[in-house]
Peer 1: 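The structure is given below, and queries will be raised subsequently.
Whatever order the structure lists them in is the order used to number ligands and atoms, beginning at 1.
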Amino acid sequence: MKYYQALTCSILLSLSTGMAVGQPLPALPEAATQFIDSLIQAMTIEEKTGQLTLFTSDIDVTGPTMRENYKEDILSGKVGAIFNAYGAAYTRDLQRMAVEETRLGIPLLFGYDVIHGHRTIFPIPLGETASWDLEAIEKAARIAAVEASSEGLHWTFAPMVDVARDPRWGRIAEGAGEDTYLGTKVAVARVKGFQGNDLRAENTVLACTKHFAAYGAAQAGRDYNTVDISEMVLRETYLPPFEATVEAGVATFMTSFNELFGVPATGSEFLLTDILKEEWNFQGFVVTDYTSINEMIPHGVAADEKEAGALAINAGVDMDMQGAVFYNHLPALVKEGKVSEATVDEAVRRVLEAKYRLGLFEDPYRYSNEQREQDSVMTEAHWAVARDVARKSIVLLKNDNNVLPLEKSGTVAVIGPLADNQKELIGSWSAAGDWKTSTSLLEGIRQQVGQQAKVVYAKGANINDDSTQLFQEAVEVANSADVIVLALGEEALMSGEAASRSDINLPGVQLALAQELQKTGKPMVVVLMNGRPLTINWLDDNVPAILETWFLGQQAGHAIADVLFGDYNPSGKLPVTFPRNVGQVPIYYNHKNTGRPFDQENKYTTKYLDVANEPLYPFGYGLSYTTFAYSDLTLSSQTLQANDSLQVSVTVRNTGEVAGHEVVQLYVRDLVGSITRPVKELKGFQKIGLNPGASQTVTFTIKPEDLAFYHSDLSFKPEAGQFKVFVGGNSEEVQEIDFTLAL
Ligand code: BGC
């Protein structure tokens, strides 16, 4: 019998971890704490180091693989967690080595980047956020956890909650866009979906909030670049989604690659200990990003790996991802007194607690169940949800003369490098998703129209080269049709990690292809597939209908066809501003007013000589096949008192011909503060469904604490005074009304 198994017999284990959905991680029962303490006491420093070491297996890697001999490391107890290993049989085999063949038999933890689905692939996170449908987002994460956990995985490296206001940054695709409030809601929905309400259930996984912190503020949108923001901005804009996930019980955190205040996040005691573990009382464990301890050497804060290792663990890191720094140096650092054994024990305790919470000490194989794997991966039910989430994520950017929805009749020309493409649809970070199982747009359209319409196809161009050879054929195909559906965009790997672009136009000759096709005079619908906002002024000026479809996952073709032919009425809204040109970046809706706000008549106001201030499409924007009218914006009172609340009501009416969903958005502006405040801040939203002619009164509640902000002494409180409330279907087209906050 292994050491821990003997221990579990001698100490009565209370198996309930008492977790409730959306609550902070609860402390473990006394018996569990005792069990973990006894285990720690029995461990050598090498075994402790093993628990703090995470190595990649060879299935999938996201960086340089530094350890090829991870199996030997498992057998010698020198590694306690493995990532990029999945599959019930494979993980069972590795788990068996750890449990049966090491001295203490402590189970391994298996992690993986299950970002937007495991095998059933959902829209990229930015796209999914465009649904503004928290229930759908939670459901997608839930299904990802069901599939991942059935393949032996215990832990996903998601959600990424980095607020991102720079579309050049490829990782904007992985998060919830530019807004803190929306990002916070989405972050919590994802944690709830992954973790469910019981980590011990065999179909839930540990979530990992990443990347802590402010990674999205990389200068010039270049990945891994320096971040230099004030603490006020850090706290107000970047930290809230992180903190909200702690409050919702997230089990782990990942550090970020960037520096902040001159210190790499992986060595930042301020972030990891002062804020995360003390101020927020985070009870889970902190893993580094891939080799980010080692990277503190080129950052220039450590002379060698040993020094970097001491810096990291003393700052509050618990587990080293892939860098082998703890592995190579931690025992010596303890011996030399540079790291205290108590610090190591505390990190080990956090890791063992996570394993305990998952129930691994009770049954280390519970997640590696081949039968369950067969039954719960890529089921029809999962695919149906993926299709539904995908169509909810589509944003209708333009629809002049109601070109859309299309008739299922005549001849439809489906053209473009992304039209008959399956590979790109699953986007970056597509986990164990197999693009060969995805439905292309062409196939989706064919199935949707059946025999009712003729579908013709031409590729027209490649995504990213300068050949115009295929143009002629595309023009001929277009000429033979009644309408053109043109699928343009990026390759999946033009966004995601290490995929920044300084030019966010359509790559290659795709715009020229659109211009050629435009000359045919046929009505044209552009379907965009991309991982970031693109600059598409020409399309906006010249093409009657544009659909933003991001990378929608395996069901993309069906979901887009649902929208194109009116079987689903689009309701997505942009979670990020679309600039007119890259020179406007960073551009976001909740900017400050400045001392010289824009005035067309006055040269000496904040503006460009060569482009408007406004974006092409604002945050929160998206059309429908119907129209909505807003009226009767009213307040329950003109004054909001301390400890009271204010109700804001508006009537929304479907003034069109078809049923549809509208995301009703509420923004506020604090007119005069001791610190300047943004011109608008999202403070609430509700997605409602209305039949033609129907109306609904939507009510939001505002409390004084919703109006709080950071002051120069970093206190967080509201200030009495005049406010504006705005309600509307996007951040620009709003109705407004004033109230006073009296404190
Ligand atoms: C990324 C993380 C990811 C990790 C593991 C890193 O390169 O920055 O987001 O979780 O790799 O794959």
Side-chain angles (χ1 to χ4, degrees), residues 53-67 70 79 81-86 109-118 124-126 141 144 148 153-164 169-176 187 190-191 194 205-218 221-225 227 241-242 245 250-260 264-266 284-296 298-299 312 317-325 427-433 493 495-500 531:
T53 295
L54 168 65
F55 283 149
T56 181
S57 170
D58 46 10
I59 291 190
D60 205 352
V61 289
T62 52
T65 309
M66 297 178 62
R67 308 275 330 152
Y70 62 92
V79 56
I82 297 279
F83 67 124
N84 298 327
Y86 56 85
L109 189 65
F110 292 107
Y112 193 39
D113 289 281
V114 179
I115 309 296
H116 52 112
H118 177 60
I124 56 167
L126 182 67
L153 292 165
H154 308 131
W155 182 25
T156 174
F157 303 139
M160 181 191 107
V161 307
D162 299 307
V163 170
W169 192 51
R171 303 201 79 168
I172 198 168
E174 295 174 54
R190 290 193 169 131
V191 169
F194 289 131
V205 295
L206 309 172
C208 181
T209 303
K210 71 186 189 186
H211 306 84
F212 196 53
Y215 186 30
R222 205 177 67 224
D223 207 3
Y224 317 124
N225 203 7
V227 167
F242 288 94
T245 63
V250 75
T252 73
F253 252 59
M254 187 187 292
T255 66
S256 56
F257 287 128
N258 57 283
E259 69 167 68
L260 182 67
T266 302
F285 73 82
V286 176
V287 64
T288 68
D289 203 349
Y290 209 105
T291 63
S292 65
I293 302 183
N294 318 58
E295 291 164 25
M296 290 203 279
H299 265 296
V317 162
D318 300 306
M319 189 185 277
D320 173 5
M321 182 195 286
Q322 191 58 15
V325 175
S428 70
W429 293 109
S430 44
L493 294 184
S495 58
E497 186 176 354
S500 295

Peer 1: Can you tell me how far the CH2 atom of Trp429 sits from the OH atom of Tyr112, to the nearest 0.5 Å?
Peer 2: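 One finds 9.5 Å between CH2 of Trp429 and OH of Tyr112.
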
Peer 1: State, without any angle test, whether Thr56 and Tyr70 hold a side-chain donor-acceptor pair at a distance under 3.5 Å.
Peer 2: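 The answer is no; no qualifying pair exists.
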
Peer 1: Name the orientation class of the two ring planes belonging to Phe157 and Phe83 (parallel below 30°, tilted from 30 to 60°, perpendicular beyond 60°).
Peer 2: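 Aromatic pair Phe157/Phe83 classed perpendicular.
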
Peer 1: Taking distance alone, with N or O pairs closer than 3.5 Å, would you say Arg171 contacts ligand 1?
Peer 2: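 Yes; the residue has a nitrogen or oxygen that sits under 3.5 Å from a nitrogen or oxygen of the ligand.
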
Peer 1: Under 4.0 angstrom from ligand 1, any heavy atom of Gln322?
Peer 2: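 Flag not set, Gln322 not near ligand 1.
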
Peer 1: Look at ligand 1 and say whether Tyr112 reaches it with a heavy atom at a distance under 4.0 Å.
Peer 2: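 Tyr112: no contact with ligand 1 (<4.0 Å).
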
Peer 1: Counting heavy atoms only, which of Glu174, Met160, His211 is nearest atom 9 (O) of ligand 1?
Peer 2: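 The residue whose heavy atom sits nearest atom 9 (O) of ligand 1 is His211.
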
Peer 1: Any non-hydrogen atom of Met254 lying under 4.0 Å from ligand 1?
Peer 2: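 Yes; Met254 lies near enough to ligand 1 that a heavy-atom distance drops under 4.0 Å.
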
Peer 1: Only one of Thr252, Leu206, Val205 passes side chain to side chain contact (heavy atoms under 4.5 Å, CB included) with Thr156; say which it is.
Peer 2: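 Running side chain to side chain contact (heavy atoms under 4.5 Å, CB included) over Thr252, Leu206, Val205 with Thr156 returns exactly one hit, Val205.
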
Peer 1: Identify, by atom number and element, the atoms of ligand 1 in contact range of Glu497, meaning under 4.0 Å from any of its heavy atoms.
Peer 2: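 Numbered from 1, ligand 1 contributes 1 (C), 6 (C), 7 (O), 8 (O).
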
Peer 1: Walk me through it: do His118 and Tyr86 pass the test side chain to side chain contact (heavy atoms under 4.5 Å, CB included)?
Peer 2: CA-CA 10 Å; His118 177 60; Tyr86 56 85; 4.2 Å; yes

Peer 1: Looking only at N/O atoms, are Tyr290 and ligand 1 under 3.5 Å apart anywhere?
Peer 2: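 There is no such contact.
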
Peer 1: Consider every N or O of Asp113 and every N or O of ligand 1, then say whether any pair is closer than 3.5 Å.
Peer 2: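 Asp113 vs ligand 1: N/O contact under 3.5 Å present.
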
Peer 1: Where does Lys210 meet ligand 1, judged by heavy-atom distances below 4.0 Å: at the side chain, the backbone, both, or neither?
Peer 2: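 For Lys210, the contact with ligand 1 is made by the side chain alone.
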
Peer 1: What pairs with His154 under ring pair (Phe, Tyr, Trp, His ring centres under 6.0 Å), at least two apart in sequence or on another chain?
Peer 2: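 Partners of His154 by the ring pair (Phe, Tyr, Trp, His ring centres under 6.0 Å) criterion, ordered by chain and then number, come out as Phe110, Tyr367.
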
Peer 1: Looking at Phe194 and Pro159, what are the two nearest heavy atoms and their distance?
Peer 2: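 The pair with the smallest heavy-atom distance is CE1-N, 4.1 Å.
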
